[in-house]
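Take a look at the structure set out below.
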Amino acid sequence: MHLPVSLYIGLRYSQSRKGNAFISFITLFSVAGILLGVMALTIVSSVMNGFEAELKKRILGVIPHVLVKTEQPPESWQPALSRQYPLTDITPLLQTEALVQSPRQLTAVMLQGLDPQALPGFLQQSLLLGDWQSLLSQRYSIMLGRGLAEQLEVSLGQQIRVLLASGGNYTPLGWMPRQRLFTVAGFIDTGSEVDEVLAVTAQGDLQLLLPANEREPSYRISLQEPFQAPLLAARLSQEPGFSSVTDWRDSHGKLFAAVAMEKAMMWLMLLLIVAVAAFNIVSALVMMVTEKQAEVAILKTQGMTDRALFLVFAVQGMFNGIVGALLGVVLGVLGSWQLNNLLTLLGVQVAGVPELPIVMDVSQIGSIFASALGLTLAAVLYPAWRAVKINPAEILRDE
């Protein structure tokens with residue numbers, strides 16, 4: 001197979017082990033730096049993706065993705081939305097702020113009124129103790145988040161008092177909030193901060209407790225991809241017939257914005273490692289150009305164009321970058337795949353989680369690989385330009 005002259009000479013220079021040993025060491029150091037940087041970026045990105053996915057599942061699996069108030073039945077607007085957004089379900093939901101009082105503690109909660117026959121899938125799986133059907137069989141029963149139950153110091157079957165923040169009645173003793181005794185029927189464990197404020201009861205029981213003007217349920221819209229909720233909310237807010245549209249950003253937007261910022265900063269810091277390694281190629285190629293001045297001069301006198309000569313050293317530098325980036329991606333994928341086994345083997349435990357969540361994103365790995373190649377390309381431009389500027393007459397004058 002006949003390769004173009006520039007590609008052939010560039011690859012020969014890349015694979016040559018003769019000549020200056022120091023240049024070979026700098027080149028090897030550069031390739032190793034790119035390899036380690038790409039590998040670290042791949043592993044860290046996969047772990048960060050895993051933590052983000054866990055947050056999405058545990059927090060956004062409980063709170064509504066989009067919450068709308070409308071007098072129109074879901075059947076009239078759900079088909080149009082389903083064609084554009086992958087919806088999982090639309091269920092009625094009552095949600096209000098309340099105070100919960102036990103014999104020892106008093107704390108604020110987010111009280112949800114749900115239909116036990118139409119619970120979100122993740123919430124069903126999060127039941128730690130009790131039975132969801134008890135919300136139907138036993139009037140005024142309530143499920144508490146695990147963290148909330150620990151704050152209140154209550155056990156299964158114990159009664160607690162629920163006081164609503166809105167509504168109330170005037171009595172001879174003054175204004176009294178709407179309140180009712182509820183029986184603890186179970187505990188929920190989502191593994192997130194939501195457990196510290198979440199309380200769930202039957203929708204019918206909460207309707208009886210709420211003021212008459214707040215008893216109409218909203219509709220909870222759940223999506224396969226919760227991060228599409230802002231787009232859906234923006235569209236619904238422009239549609240007639242929807243009096244109120246909110247999404248998960250109102251309660252947890254800052255948390256996920258902080259996670260996104262942390263991912264971006266981690267990406268930037270690790271990419272700087274790749275950049276430093278890529279720009280080490282500059283020093284190796286500059287020394288290579290200086291060492292090969294005579295050969296470059298001969299090639300130019302033989303008629304090699306500046307473009308072809310530029311490509312010779314560009315190919316040499318890009319070859320090293322491609323080798324480092326490819327090995328880094330392969331080792332990064334293998335490291336991500338076996339990371340939990342490696343941590344177990346080394347006896348390292350991460351506080352709070354049995355094992356690290358790992359989610360490898362092919363497009364993200366491709367972006368890491370492309371970024372490494374882009375930095376390498378930027379690094380080879382100057383040495384290749386210097387080779388083009390060599391004057392054959394000056395170099396060969398004393399030969």
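Reckoned from all heavy atoms, side chains included, excluding hydrogens, waters and symmetry mates.
Here the straight-line distance linking atom CG of L268 with atom CD1 of I273 works out to 11.0 Å at 0.5 Å rounding. Between atom CG of residue L356 and atom OG of residue S46 there is a gap of 11.0 Å, rounded to the nearest 0.5 Å. Summarising the geometry, atom CD belonging to Q72 is positioned 4.5 Å from atom OG belonging to S76; distances are rounded to the nearest 0.5 Å. Distance check: I221 CD1 to Y85 OH gives 10.5 Å after rounding to the nearest 0.5 Å. With values rounded to the nearest 0.5 angstrom, L181 atom CG is found 11.5 Å from Q158 atom CD. Atoms CG and CD, from L198 and Q112 in turn, are 5.5 Å apart once rounded to the nearest 0.5 Å.
Neither side chain, E52 nor N49, offers a donor N or O lying under 3.5 Å from an acceptor on the other. One side chain, D195 or T190, offers a donor N or O that lies under 3.5 Å from an acceptor on the other.
The two atoms that bring D247 and P230 nearest to each other are OD2-CA, 4.0 Å, heavy atoms only. Considering every non-hydrogen atom in both L164 and P211, the closest pair reads CD1-CD, 4.4 Å. For F187 against S155, the heavy-atom pair with the smallest separation is CZ-C, 3.9 Å. Taking both residues in full, the closest heavy atoms of I34 and A372 are given as CG2-CB, 4.5 Å, listed atom of the first, atom of the second, then distance. Smallest separation of non-hydrogen atoms from Q151 and T107: OE1-OG1, 3.6 Å. Nearest approach of L99 to A108, heavy atoms of both residues: CD2-CA, 3.8 Å.
With hydrogens and angles disregarded, a donor-acceptor distance shorter than 3.5 Å links the side chain of T201 to the backbone of S141. Side chain of T88 to main chain of S222: a donor-acceptor pair is present (N/O by atom type, distance under 3.5 Å, no hydrogens or angles). Panel note: side chain D205, backbone Y140; a donor-acceptor pair is recorded below 3.5 Å. Looking at R178, its side chain does come within 3.5 Å of a backbone N or O of L209 through a donor-acceptor pair. At least one donor-acceptor pair under 3.5 Å links the side chain of H65 to the backbone N or O of L223. In this structure, the side chain of S243 engages the main chain of K69 through a donor-acceptor pair within 3.5 Å.
Cluster annotation: V200 is not connected to L210 through the hydrophobic network of ILVMFWY side chains, with a link wherever side-chain heavy atoms come within less than 4.5 Å. Hydrophobic clustering, with ILVMFWY side chains joined whenever heavy atoms are under 4.5 angstrom apart, keeps I90 apart from L67. L208 and L114 are members of different hydrophobic clusters when ILVMFWY side chains are connected at heavy-atom separations under 4.5 Å. Under the 4.5 Å side-chain contact rule for hydrophobic residues, V333 and V47 share a cluster. By the rule that hydrophobic residues join a cluster once side-chain heavy atoms approach within less than 4.5 Å of another member, L342 and V329 end up as members of separate clusters.
Side-chain contact check for W132 versus L135: some heavy-atom pair is nearer than 4.5 Å. Using a 4.5 Å cut-off on side-chain heavy atoms (C-beta onward), W267 and L41 make contact. Within the 4.5 Å cutoff, no side-chain heavy atoms of E71 are placed close to those of E216. The shortest side-chain heavy-atom distance between L36 and V274 does not fall under the 4.5 Å cut-off. Within the 4.5 Å cutoff, side-chain heavy atoms of M143 are placed close to those of S134. At least one side-chain heavy atom of N340 sits under 4.5 Å from a side-chain heavy atom of I358. In this structure, L93 and P64 have side chains that are in contact, with non-hydrogen atoms separated by less than 4.5 Å. Using a 4.5 Å heavy-atom cutoff, the side chains of Q207 and L94 are in contact.
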- Before giving the answer on side-chain hydrogen bond (donor to acceptor under 3.5 Å, both in side chains), spell out for R220 and Q95 the whole-Å C-alpha distance, their side-chain angles and the decisive distance to 0.1 Å. CA-CA 10 Å; R220 171 195 197 129; Q95 184 169 281; 5.9 Å; no
- Task: Check the pair L206 / L111 against side-chain contact (heavy atoms from CB on, under 4.5 Å), numbers first and verdict last.
- Result: CA-CA 9 Å; L206 184 55; L111 182 60; 3.5 Å; yes
- Given the rule in the side-chain contact (heavy atoms from CB on, under 4.5 Å) test, do Q133 and Q117 qualify, once you have shown the distances and angles that lead to the verdict? CA-CA 8 Å; Q133 295 305 312; Q117 304 292 343; 3.5 Å; yes
- Task: Please step through side-chain contact (heavy atoms from CB on, under 4.5 Å) for the pair L271 and L375, ending with a clear verdict.
- Result: CA-CA 9 Å; L271 196 61; L375 290 170; 4.2 Å; yes
- Taking it one step at a time, do L270 and L272 satisfy side-chain contact (heavy atoms from CB on, under 4.5 Å)? CA-CA 5 Å; L270 292 175; L272 288 176; over 6 Å; no
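Both tests do not hold together for R161 against F182: distance to the six-membered ring centre under 6.0 Å, angle to the ring axis within 45°.
Atom CD of E262 has 12 or fewer heavy atoms from other residues, nucleotides or ligands within 6.0 Å.
Here ring-ring contact (aromatic ring centres under 6.0 Å, His included) pairs that include residues 233-265, with residues two or more places apart or in two chains, are W77-F242, F227-W248, F227-F256, W248-F256.
Comment: E225 engages K56 in a salt bridge, judged by a side-chain N to carboxylate O separation of less than 4.0 angstrom.
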